Amino acid sequence: MSPLADVVAVAMLGVTAGTYVNGVLVLLPAQRRLAARSYIEQEQANTALGTTRYRALIVATTCVQLAALHSQPDARPRILTATSILTVGVTTALVTVRRVVPINVAIRGWDPGNPPSDWSAVRTRWHQLHAVRTAGFTLALVLQIFAATDVSPRMFVPTRQFRPRRRTARRG
């Protein structure tokens, strides 16, 4: 197993998950305080700047995870890393690409001076989806940490099976 690949995979997922967690803890509460015009202007700027950054981050993270997967000779870390990669892929494909991107495209077309009547509902939906993808990336990070260390979900499950003792007949 390559410790470097594991460390870099955990670090990249940490940056990715941390970026999303920051959004949940800082960006979303701040956006809830904004009026329609300010929200739309901020979201249009954020989307224009963030799209390239997020794409690069997710591609780089997945590449590093694949390198970590390739370097792991044992089954348990390979399964955990593969599950982490799958979690990143599903989160990116189903939540970001299929749900968030269409909302971002719609918001880019909005006139900040004349917001649609349902702008607040769209913002709420975007916030919910962002929370879901944050959970997905955080789960992927936890799985990658388990793969890179001796800590595993198995440590919380008893490994010794308890069986009743067999009574043996006494000879006598």
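Predicted model, so just to flag it, every value in this text is computed and none were measured. Starting from 1, each residue takes its place in the sequence as its number.
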Atom pairs and distances, side-chain donor-acceptor, residues 108-122, under 3.5 Å, sequence neighbours left out:
unit_1	atom_1	unit_2	atom_2	d
Trp110	NE1	Ala106	O	3.3
Asp111	OD1	Gly113	N	3.1

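- When all heavy atoms are compared, the tightest approach of Thr19 to Arg53 is CG2-NH2, 4.2 Å.
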- Show your reasoning for whether side-chain contact (heavy atoms from CB on, under 4.5 Å) applies to Val132 and Arg99. CA-CA 11 Å; Val132 168; Arg99 302 285 185 213; over 6 Å; no
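- The cluster map of Ile, Leu, Val, Met, Phe, Trp and Tyr, joined by side-chain heavy atoms under 4.5 Å apart, puts Phe137 and Ile145 in the same cluster.
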Show me the side-chain donor-acceptor pairs of residues 80-88 shorter than 3.5 Å, one per line, residues at least two apart or across chains.
unit_1	atom_1	unit_2	atom_2	d
Thr81	OG1	Gln72	OE1	2.9
Thr81	OG1	Gln72	NE2	3.2
Thr81	OG1	Pro77	O	3.0
Thr81	OG1	Gln144	NE2	3.3
Thr83	OG1	Ile79	O	2.7
Ser84	OG	Gln65	NE2	2.8
Ser84	OG	Ala140	O	2.8
Thr87	OG1	Thr83	O	2.8

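- Under a hydrophobic-cluster definition in which Ile, Leu, Val, Met, Phe, Trp and Tyr are linked whenever side-chain heavy atoms come within less than 4.5 Å, directly or via other members, Tyr54 and Val21 are assigned to different clusters.
- In this structure, Trp126 is a member of the same hydrophobic cluster as Val24, with clusters built from ILVMFWY side-chain heavy atoms closer than 4.5 Å.
- Put simply, OG1 on Thr134 and CG on Leu25 are 8.5 Å apart, with the number rounded to the nearest 0.5 Å.
- Counting only heavy atoms from C-beta outward, the side chains of Met12 and Leu57 approach each other to under 4.5 Å.
- Rounding to the nearest 0.5 angstrom, the gap separating the CZ atom in Arg133 from the OG1 atom in Thr138 is 12.0 Å.
- Between atom OH of residue Tyr20 and atom OG1 of residue Thr91 there is a gap of 9.0 Å, rounded to the nearest 0.5 Å.
- In this structure, the separation between CG on Leu13 and CG on Leu139 is 10.0 Å, given to the nearest 0.5 Å.
- A continuous path of hydrophobic side-chain contacts links Val15 to Val8 [ILVMFWY only; heavy atoms under 4.5 Å].
- In this structure Arg125 satisfies the side chain to side chain contact (heavy atoms under 4.5 Å, CB included) test together with Ile103, Gln128, Leu129, sequence neighbours excluded.
- Residues meeting the side chain to side chain contact (heavy atoms under 4.5 Å, CB included) test with Val101, sequence neighbours left out: Thr96, Val105.
- Residues Val100 and His130 are not in side-chain contact: their nearest non-hydrogen atoms beyond the backbone lie 4.5 Å or more apart.
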Table please: side-chain donor-acceptor pairs of residues 28-39 below 3.5 Å, with sequence neighbours left out.
unit_1	atom_1	unit_2	atom_2	d
Gln31	OE1	His127	NE2	2.6
Gln31	NE2	Gln42	OE1	2.6
Gln31	NE2	Glu43	OE1	2.7
Arg37	NE	Glu41	OE2	3.3

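- For the atom pair Ser71 OG and Leu66 CG, the distance stands at 11.0 Å (nearest 0.5 Å).
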- Task: Decide side-chain contact (heavy atoms from CB on, under 4.5 Å) for Thr16 and Leu141; before the verdict, give the C-alpha distance in whole Å, the side-chain angles of both, and the deciding distance to 0.1 Å.
- Result: CA-CA 9 Å; Thr16 304; Leu141 173 62; over 6 Å; no
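- Considering only residues two or more places apart in sequence or on other chains, Thr62 meets the side-chain hydrogen bond (donor to acceptor under 3.5 Å, both in side chains) condition with none of them.
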